[in-house]
Novice: 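Starting off with a structure, shown below.
For the numbers below, each heavy atom of this structure counts, side chains included, while hydrogens, waters and symmetry mates do not.
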Amino acid sequence: MLSKKVAKLLNAQITKEFYSAYLYLHFANFYVERGLNGFANWYQVQAQEERDHAMLFLQYLQNNDASVTLEAVDKPAAELKDNKDPLKAALAHEQYVTESIHAIYEAAAVAKDYRTMQFLDWFVKEQGEEEANASDLIKKMDLFGTDAKGLYMLDQELGGRTYAAPSLTL
């Protein structure tokens with residue numbers, strides 16, 4: 001049985017993951033308006049991943065006979081003016097999500113909730129990948145984003161990203 005504190009944190013994470021999906025759709029829309037459809041594709045795929053993350057938390061709570069509370073998802077607040085703004089905001093957001101996952105892990109450890117800790121192991125690894133991807137996009141934009149041809153090639157590269165559902169089994 002999940003402790004009340006761990007269940008509450010897991011429920012809050014569902015909302016954070018859905019917010020992440022909204023945020024990345026906001027970024028995708030920004031790039032569509034700028035004619036950078038590859039960047040838009042990258043963030044649309046990212047939004048799908050975040051939605052699936054929310055659903056994994058929801059299913060985990062259900063599988064453990066814990067109540068699920070769906071809260072309102074806030075409108076994304078990121079101010080976007082420059083092509084690099086979504087990239088910087090994405091890195092900061094992924095660092096925030098990492099801190100949140102770590103807080104749940106810590107609460108589960110204190111509660112000796114080894115099942116939840118094992119469930120979260122995948123998310124801890126995933127967050128490392130998410131932060132690395134966000135950081136890499138910033139580096140690529142720094143390298144190529146000020147050159148029209150470089151930006152075009154980077155946009156083409158990002159347009160090739162496809163969605164793959166998470167391989168986590170509950």
Novice: Nearest 0.5 Å please: distance from the CG atom of Asn133 over to the CD atom of Glu129.
Specialist: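 Taking CG in Asn133 and CD in Glu129, the distance rounds to 7.0 Å.
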Novice: Nearest heavy-atom pair of Leu9 and Ala107: which atoms, and what distance?
Specialist: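 Reported closest heavy-atom pair: CD1-CB, 3.6 Å.
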Novice: Flag the pair Phe39 / Phe27 as yes when their ring centroid distance falls below 6.0 Å, and as no otherwise.
Specialist: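 Aromatic pair excluded; centres sit 6.0 Å or further apart.
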Novice: Between CG of Leu91 and CD of Glu130, what distance do you get to the nearest 0.5 Å?
Specialist: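 Rounded to the nearest 0.5 Å, the CG-CD separation comes to 11.0 Å.
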Novice: Establish, yes or no, whether a centroid distance under 6.0 Å links the rings of Tyr43 and His26.
Specialist: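 No, they do not, as the ring centres are separated by 6.0 Å or more.
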Novice: Judged by modelled atom types alone, do Glu99 and Gln95 share a side-chain donor-acceptor pair under 3.5 Å?
Specialist: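 No - no donor-acceptor pair under 3.5 Å links their side chains.
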Novice: Do Ile138 and Leu143 belong to the same hydrophobic cluster, where Ile, Leu, Val, Met, Phe, Trp and Tyr are linked whenever their side-chain heavy atoms lie under 4.5 Å apart, directly or via other members?
Specialist: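 No.
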Novice: Begin with the C-alpha distance, continue with both residues' side-chain angles, and end with the deciding distance and a verdict on side chain to side chain donor-acceptor pair (under 3.5 Å) for Gln44 and Gln48.
Specialist: CA-CA 6 Å; Gln44 288 167 351; Gln48 288 176 298; over 6 Å; no
Novice: Under 4.5 Å between side-chain heavy atoms, counting indirect links through other Ile/Leu/Val/Met/Phe/Trp/Tyr residues: same cluster for Tyr22 and Leu70 or not?
Specialist: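 Same cluster: Tyr22 reaches Leu70 through Ile, Leu, Val, Met, Phe, Trp or Tyr contacts under 4.5 Å.
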Novice: Restricting to non-hydrogen atoms, name the atom on Lys75 and the atom on Tyr19 that form the minimum distance, rounded to 0.1 Å.
Specialist: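 Minimum heavy-atom separation between Lys75 and Tyr19: O-CE1, 4.0 Å.
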Novice: Can you confirm whether more than 12 heavy atoms, excluding those of Gln156, are under 6.0 Å from its CD atom?
Specialist: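 Atom CD in Gln156 is crowded, with more than 12 foreign heavy atoms closer than 6.0 Å.
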Novice: Looking only at heavy atoms, what is the nearest atom pair of Glu94 and Glu131, with distance?
Specialist: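 That would be O-OE2, 3.8 Å.
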Novice: Restricting to pairs with a member in residues 29-41, which pass side chain to side chain donor-acceptor pair (under 3.5 Å), not counting sequence neighbours?
Specialist: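 Only Arg34-Asn83 qualify under side chain to side chain donor-acceptor pair (under 3.5 Å).
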Novice: Closest approach of Val124 and Tyr105, non-hydrogen atoms and distance?
Specialist: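 Between these two residues, the closest heavy atoms are CG2-CD1, 4.2 Å.
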Novice: Report whether Leu10 and Tyr114 are members of the same hydrophobic cluster (ILVMFWY, side-chain heavy atoms less than 4.5 Å apart, transitive linking).
Specialist: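 Looking at the clustering, Tyr114 is in the same group as Leu10.
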Novice: What is the distance from atom CD of Gln127 to atom OG of Ser100, rounded to the nearest 0.5 Å?
Specialist: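 Answer rounded to 0.5 Å: 9.0 Å.
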Novice: How many angstroms lie between atom CG of Leu120 and atom CG of Asp113, to the nearest 0.5 angstrom?
Specialist: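 If I round to the nearest 0.5 Å, the distance is 8.5 Å.
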Novice: Distance from Ile104 atom CD1 to Lys5 atom NZ, nearest 0.5 Å?
Specialist: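 Atom-to-atom, Ile104:CD1 and Lys5:NZ are 11.0 Å apart.
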Novice: So which heavy atom on Ile14 is nearest to which on Ala54, and how close?
Specialist: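 So the minimum-distance heavy-atom pair works out to O-CB, 3.8 Å.
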Novice: Determine, for Asp82 against Lys88, whether the closest basic-nitrogen to carboxylate-oxygen distance falls under 4.0 angstrom.
Specialist: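 Not counted as a salt bridge, because no side-chain N and carboxylate O are separated by less than 4.0 Å.
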Novice: Using a distance-only test with no angle check, is there a side-chain donor-acceptor pair under 3.5 angstrom linking Ser20 and His53?
Specialist: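 No, because no side-chain N or O of Ser20 sits under 3.5 Å from a partner of the opposite role on His53.
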Novice: Give a yes or no on whether the ring-centroid distance for Phe119 and Phe57 is below 6.0 angstrom.
Specialist: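 Centroid separation for Phe119 and Phe57: below 6.0 Å.
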Novice: Counting only heavy atoms from other residues, nucleotides and ligands, does the tally under 6.0 Å from CD of Glu79 exceed 12?
Specialist: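 Count not over threshold, so no.
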Novice: Would you say CZ of Arg161 has more than 12 non-hydrogen atoms from neighbouring residues, nucleotides or ligands within 6.0 angstrom?
Specialist: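 Yes, the 6.0 Å shell around CZ holds more than 12 heavy atoms from other groups.
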Novice: Check whether Trp42 and Met153 end up in the same hydrophobic cluster, where Ile, Leu, Val, Met, Phe, Trp and Tyr are linked by side-chain heavy atoms less than 4.5 Å apart.
Specialist: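 Each belongs to a different hydrophobic cluster.
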Novice: Any idea which heavy atoms bring Leu23 and Ala78 closest together, and the distance?
Specialist: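 Nearest pair, atom of Leu23 first, then Ala78: CD1-CB, 4.1 Å.
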Novice: Quick check for you: to the nearest 0.5 Å, what is the distance between Leu36 atom CG and Leu151 atom CG?
Specialist: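 The distance works out to 5.0 Å.
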